[in-house]
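This report concerns only the one structure given below.
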Amino acid sequence: MAHVTDYIRTIPDFPHEGIQFRDVTTLFADRDGLRLAIEGLVAACEGLEIDTVAGLEARGFILGGALADRLGTGFVPIRKKGKLPGRTIEQAYTLEYGEAVVEMHDDALHAGQKVLLVDDLLATGGTAEAGLRLIERLGAEVVVCAFVIDLKDLGGRARLEGLGQRVEALCAYEGA
C-alpha cells in the first residue's frame, strides 16, 4: 500500500548545506499521491466539527481548497503581507533567518466558527502560530492544525500543542 512518503522527493543541501528539503511538488504532481494526501488529511479530521478551512500561503492553498471541497466548507487564505485586497489584519512572526508577516481579511471569519488550519509542512511552527493568532483575533477557533509533513526535530508540533492545539501530520521526518 502506498504512503505519502513514497511521493515526497528529498533534495539534499537545499536551500543551504545540511538541509534535507522535503519537496511536496512531486506529491502534488502525482494524481495518486495528491489523492492520498487529501484523503489522509480528511481522515485526520473525521468526527470534528469544521466550518471552514484556512490555508497558509502557498502550498496550504493547494491542500486547503481540496479539503474545503471534500469537507463541504469554505476556504480562507492566509497570505503574505500585501497580497490581499481590502481591509486586513496582520501578524508578524520570527523565522530562522528574519521576520515575516501574514495577513487575512478582517471579515474572513466570524466568532464561533470552527477552523481547520492547513499547510504542507510543520517546521518550527512560527507560520502556523501566526495563522492561529489571526484566526483567534477574529473570534474563530482552530479545532485542528493539519500538515502533510512534520519535521520533528524543529519543534513545531510541541509549540502548537503547547498552545493547546490538536496537531495532525501524515508523516514525520527526523532532522532539518
Side-chain angles (χ1 to χ4, degrees), residues 1-10 20-79 91 93 102 104 108-109 112-138 140-176:
M1 179 177 221
H3 190 270
V4 293
T5 55
D6 297 336
Y7 301 93
I8 297 170
R9 172 174 51 190
T10 299
Q20 298 293 313
F21 186 84
R22 308 304 177 173
D23 182 13
V24 295
T25 62
T26 50
L27 171 74
F28 294 162
D30 188 284
R31 70 178 184 189
D32 294 327
L34 180 60
R35 183 178 305 115
L36 189 62
I38 298 302
E39 288 172 355
L41 291 168
V42 167
C45 299
E46 191 173 328
L48 297 176
E49 179 185 342
I50 297 171
D51 300 315
T52 195
V53 175
L56 294 162
E57 188 166 338
R59 291 172 298 272
F61 295 175
I62 297 165
L63 297 165
L67 287 170
D69 178 66
R70 291 277 183 97
L71 296 171
T73 71
F75 173 77
V76 173
I78 298 176
R79 301 221 50 198
Q91 181 70 44
Y93 63 100
V102 289
M104 66 188 304
L109 298 168
Q113 279 187 293
K114 308 290 187 194
V115 180
L116 159 61
L117 180 63
V118 67
D119 204 358
D120 67 319
L121 183 131
L122 175 60
T124 65
T127 308
E129 182 179 350
L132 170 69
R133 298 290 183 213
L134 289 172
I135 291 164
E136 289 175 338
R137 283 172 51 199
L138 294 179
E141 173 192 356
V142 174
V143 295
V144 63
C145 299
F147 306 91
V148 173
I149 300 170
D150 177 9
L151 296 179
K152 293 176 15 176
D153 295 344
L154 298 182
R157 176 182 287 271
R159 180 179 189 164
L160 295 176
E161 288 175 343
L163 295 170
Q165 293 301 307
R166 175 178 172 167
V167 177
E168 297 287 342
L170 299 182
C171 66
Y173 289 96
E174 305 283 340

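Owing to the predicted nature of the structure, the values given are computational and were not obtained by experimental measurement.
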How far apart are the C-alpha atoms of Val143 and Glu49, what are their side-chain angles, what is the distance that settles it, and do they pass the side-chain contact (heavy atoms from CB on, under 4.5 Å) test?
CA-CA 8 Å; Val143 295; Glu49 179 185 342; over 6 Å; no
Less than 4.5 Å apart, any side-chain heavy atom of Val102 and any of Glu57? no
Quiz item: Do Arg70 and Glu39 touch side chain to side chain, with heavy atoms closer than 4.5 Å?
Solution: yes
Heavy-atom closest pair (Leu27 atom, Val148 atom, distance to 0.1 Å) is CD2-CG1, 3.9 Å
Margin query: Do Leu122 and Arg157 make a side-chain contact, defined as non-hydrogen atoms from C-beta onward lying under 4.5 Å apart?
Written below: yes
Side chains of Leu63 and Phe28: does their closest heavy-atom pair fall under 4.5 Å? yes
Q.
Any side-chain to backbone donor/acceptor pair from Arg22 onto Ile8? Under 3.5 Å, distance only.
A. no
dist Arg166:CZ -> Cys45:SG (nearest 0.5 Å) comes out at 7.5 Å
CD of Gln113 to CD of Glu141, rounded to nearest 0.5 Å, is 11.5 Å
Go through Leu117 and Gln165 one step at a time and tell me if the side-chain contact (heavy atoms from CB on, under 4.5 Å) criterion holds.
CA-CA 10 Å; Leu117 180 63; Gln165 293 301 307; over 6 Å; no
In short, Gly60 meets Asp119 closest at the heavy-atom pair N-OD1, 3.3 Å
Between the CG atom in Leu109 and the OG1 atom in Thr52, the distance rounded to the nearest 0.5 Å is 6.0 Å
What one should report as the nearest heavy-atom pair of Ala2 and Leu36 is O-CD2, 3.7 Å
Contacts of Lys152 meeting side chain to side chain contact (heavy atoms under 4.5 Å, CB included) (sequence neighbours excluded), chain-then-number -> Asp150, Ala172, Glu174
Smallest heavy-atom separation, Ala140 atom then Val115 atom, equals CB-CG2, 3.9 Å
In the structure I gave you, are the side-chain heavy atoms of Leu151 and Leu121 within less than 4.5 Å of one another anywhere?
yes
Sorted by chain and residue number, the side chain to side chain contact (heavy atoms under 4.5 Å, CB included) partners of Arg159 (sequence neighbours excluded) come out as Thr124, Glu129
d(Met104 CE, Arg137 CZ) to nearest 0.5 Å is 10.0 Å
Closest non-hydrogen atoms of Thr5 and Cys171, given as atom of the first, atom of the second and distance, are CG2-CB, 3.6 Å
All heavy atoms of Thr26 vs all of Tyr7, minimum pair found to be OG1-O, 2.6 Å
Q: Using modelled atom types only, decide if a donor and an acceptor are shared between the side chain of Asp6 and the backbone of His3 within a distance under 3.5 Å.
A: yes
Q. With a 4.5 Å limit on heavy-atom distance, are the side chains of Leu116 and Thr73 in contact?
A. no
Rounded to the nearest 0.5 angstrom, the CG-CD1 distance for Leu67 and Ile62 is 12.0 Å
Rounding to 0.5 Å, atoms CG (Leu71) and CG (Asp51) come to a distance of 11.0 Å
Side-chain heavy atoms of Phe147 within contact of Val167, under 4.5 Å = yes
Self-check item: Ile78 and Gln91, any side-chain heavy atoms less than 4.5 Å apart
Solution: no
